[in-house]
*Asks:* 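Shown below is the structure under consideration.
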Amino acid sequence: MKRGNWRSSGRDRHRHHNQSQWRSRHRSAQDEQEYSSDSAAGDASSSSASSSAPELPGFYFDPEKNRYFRLLPGHNNCNPLTKEGLQKKEEEKKRSALLAEDDGPRKKAPRTGLNSTLLLQKRHLGLLPPSSYSRLIHEVKVSGMQRHRLEVQSSNSTSPNTDNFHLIVADSACERVFTVNDVSHGGCKYGIMNFHGCRKDSLSVEMCDNLYFTNRKVNSVCWASVTHTDSHVLLCLVGISQTPGCVSLLPASLFSNFNPDQPGMLCSFKISTAWSCAWCLNPQADKTFSTGLSRRVIVTDAVTGHRATYLAGSDVLAQQFALRAPVLFNGCRSGEIFSIDLRQRDRGRSHGWKTSHFFQDSAITSVQLLQDENYLLAADMLGKIKLWDIRVKRSVKQYEGHHNEYAYLPIHVNEPEGLLLAVGQDCYTRLWSLHDRRLLRTIPSPHPAGKDSIPNVVFSSQLGGSRGLPGLLMAVHHDLYYYSYNKDYQKGLTLEGQC
């Protein structure tokens with residue numbers, strides 16, 4: 001009896017203990033819910049709450065309202081408060097603050113104590129070589145560029161541009177910019193913008209009247225020199241439904257307000273969906289262009305139509321021809337970078353025709369050769385930008401700060417000015433010193449960041465041609481912006497050394 005009573009009392013104590021734990025946990029959960037809906041403790045001030053508030057799993061602390069809010073999964077439409085939404089809100093708050101700072105009259109110098117007056121004094125004293133002076137003065141100017149919105153002029157002024165920019169690509173002299181816009185009802189429209197008014201120290205942009213429309217997406221664009229320099233534009237069009245992809249070679253004279261009678265050579269090549277394209281300027285492969293496809297490269301003679309096919313191990317996302325020799329450099333989704341010498345005849349299934357190849361850690365989105373064609377810049381989908389010495393197949397420099405996770409983003413090199421530019425997936429435009437990898441400036445987008453609002457940029461010290469203005473052209477959404485070297489640009493004052 002005593003043993004039975006002892007067991008019974010033990011079970012009772014055990015049951016009582018479990019009930020107490022359950023009530024304790026239940027009260028704790030209720031307390032957390034009540035805490036999430038009420039104000040924080042009165043003895044904690046709002047200034048210190050944001051820094052001292054403990055993190056609670058499943059809750060978010062709002063320092064402005066000084067209280068906790070419950071977080072639910074992002075797919076629950078009843079509660080819009082998600083981690084993704086909060087992160088986007090923080091990023092937009094940061095962008096707005098940086099944009100306000102960037103619009104201020106004073107910018108942060110890229111190097112301590114560096115200014116135009118000091119550089120000019122060193123140049124007069126012979127302490128600074130002309131090449132170094134030119135590079136450093138560009139660094140000073142880009143750090144102080146001011147943003148101005150441009151109105152794109154057109155003969156049909158009653159219908160302003162309302163279609164988002166998809167691509168903008170300048171010709172070799174930066175006299176014209178080829179534009180591709182996404183049309184709201186599907187497909188694309190494309191045309192050419194011309195610059196005017198540079199002699200008055202002001203930049204105006206005129207869009208050609210005869211825009212072309214297509215119901216297919218444009219994957220890649222480059223300028224082509226068929227009859228003369230930059231006489232044509234090469235476009236890679238994606239196939240739809242029963243219509244296969246193609247590559248179109250359009251004369252630039254088509255996109256003119258003068259409606260010439262002789263538009264020039266106009267042709268289309270049936271090539272399945274191409275990721276990239278490049279035009280060869282070397283005389284040994286005159287009027288030749290390449291297209292990068294899935295696991296192969298096609299090199300085509302634009303006059304005869306003759307093709308040569310090279311097999312690749314992955315999708316070819318980026319291409320560029322060398323100038324001194326008919327050598328094509330390719331960047332692949334696998335991270336491989338390889339070159340093809342068009343003079344070699346071994347085009348079999350073996351990869352013996354690869355004159356060089358090396359790897360980065362992610363898909364290559366852009367390749368750019370320097371004037372010394374022993375060096376090549378490559379960007380990938382991990383946000384890495386590396387300078388490669390092709391002779392030893394080794395990375396010699398890396399430019400930090402670029403942001404990319406999966407987007408097909410180009411890089412831009414302006415070697416005479418010593419600058420490297422890239423627009424990240426976070427919609428920030430970054431400029432580096434090509435010489436020493438220093439990040440010179442980070443420009444926030446004028447529009448909220450998004451997958452469909454990554455800016456497209458063109459930079460030149462001569463926007464509009466030999467007598468053009470220096471600065472950065474940025475297209476985002478359906479707006480066009482000009483970042484001017486000249487602080488008195490809006491006043492129309494002419495500075496020495498400009499148009």
Side-chain angles (χ1 to χ4, degrees), residues 84 87-88 91 95 164-169 180 182 217-222 236 238 273-278 290-297 312-320 328-339 354 356-370 375-388 390 393-413 420-432 434 437 439 442-445 449-457 474-476:
E84 293 78 8
Q87 183 179 1
K88 188 174 181 179
E91 291 175 353
R95 186 198 67 87
N164 292 342
F165 285 99
H166 177 65
L167 289 170
I168 62 171
V169 182
V180 179
D182 291 325
K217 179 183 177 182
V218 178
N219 251 3
S220 183
V221 173
C222 73
C236 298
V238 180
T273 302
W275 295 101
S276 57
C277 62
S290 68
T291 47
L293 291 80
S294 177
R295 298 181 178 274
R296 59 193 172 120
V297 174
S314 180
D315 299 341
V316 180
L317 304 182
Q319 294 183 308
Q320 188 185 12
L328 173 65
F329 288 86
N330 305 268
C332 298
R333 190 183 298 277
S334 63
E336 181 186 13
I337 302 169
F338 67 89
S339 59
K354 290 185 179 181
S356 65
H357 69 103
F358 41 90
F359 289 85
Q360 286 192 192
D361 296 330
S362 184
I364 304 299
T365 63
S366 183
V367 291
Q368 294 289 330
L369 280 167
L370 299 188
Y375 295 93
L376 176 140
L377 279 161
D380 61 29
M381 288 190 184
L382 286 179
K384 303 294 184 184
I385 302 177
K386 296 183 179 181
L387 178 65
W388 290 87
I390 300 171
K393 303 176 184 178
R394 182 169 60 89
S395 172
V396 294
K397 290 182 182 178
Q398 184 166 320
Y399 300 84
E400 303 291 344
H402 183 52
H403 178 78
N404 192 11
E405 295 177 355
Y406 56 81
Y408 184 70
L409 300 174
I411 57 176
H412 310 272
V413 180
L420 168 65
L421 295 90
V423 180
Q425 195 175 335
D426 55 359
C427 298
Y428 287 88
T429 303
R430 295 176 176 87
L431 297 92
W432 293 266
L434 192 62
R437 305 172 298 167
L439 181 61
T442 301
I443 302 176
S445 172
K451 295 179 181 179
D452 59 344
S453 58
I454 298 177
N456 288 273
V457 298
M474 178 185 291
V476 53

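These numbers come from a predicted model, not from an experiment.
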*Asks:* Is it true that a side-chain atom of His402 and a backbone atom of Ala422 form a donor plus acceptor pair closer than 3.5 Å?
*Replies:* no
*Asks:* Who passes ring-ring contact (aromatic ring centres under 6.0 Å, His included) against Tyr428, sequence neighbours left out?
*Replies:* none
*Asks:* Near Lys217 NZ, under 6.0 Å, is it more than 12 heavy atoms from other residues, nucleotides or ligands?
*Replies:* no
*Asks:* Roughly how far apart are Asn404 CG and Leu382 CG, rounded to 0.5 Å?
*Replies:* 8.5 Å
*Asks:* Within the distance-only criterion (no hydrogens, no angle test), does the side chain of Glu336 pair as donor or acceptor with the backbone N or O of Gly313 below 3.5 angstrom?
*Replies:* no
*Asks:* Between Tyr399 and Leu421 (side chain of the first, backbone of the second, donor and acceptor by atom type, cut-off under 3.5 Å), is there such a pair?
*Replies:* no
*Asks:* Taking the side chain from Gln398 and the backbone from Lys384, do they hold a donor-acceptor pair closer than 3.5 Å?
*Replies:* no
*Asks:* If only side-chain N and O atoms count, and only distance matters, is there a donor-acceptor pair under 3.5 Å linking Ser356 with Ser339?
*Replies:* yes
*Asks:* Among residues two or more places apart or on two chains, list those pairs meeting side chain to side chain donor-acceptor pair (under 3.5 Å) that have a residue in residues 359-370.
*Replies:* Gln360-Asp380, Gln360-Trp388
*Asks:* Spell out, as yes or no, whether a donor-acceptor pair under 3.5 Å connects the side chain of Asp426 to the backbone of Ala449.
*Replies:* no
*Asks:* Please check this pair: side chain of Tyr375 against backbone of Val396, looking for a donor-acceptor N/O pair closer than 3.5 Å.
*Replies:* no
*Asks:* List in chain and number order the residues that pass side chain to side chain contact (heavy atoms under 4.5 Å, CB included) with Leu439, two or more places apart in sequence or in another chain; answer none if no residue qualifies.
*Replies:* Arg430, Trp432, Thr442
*Asks:* Taking Asp182 for its side chain and Asn164 for its backbone only, find out whether a donor-acceptor pair lies under 3.5 Å.
*Replies:* no
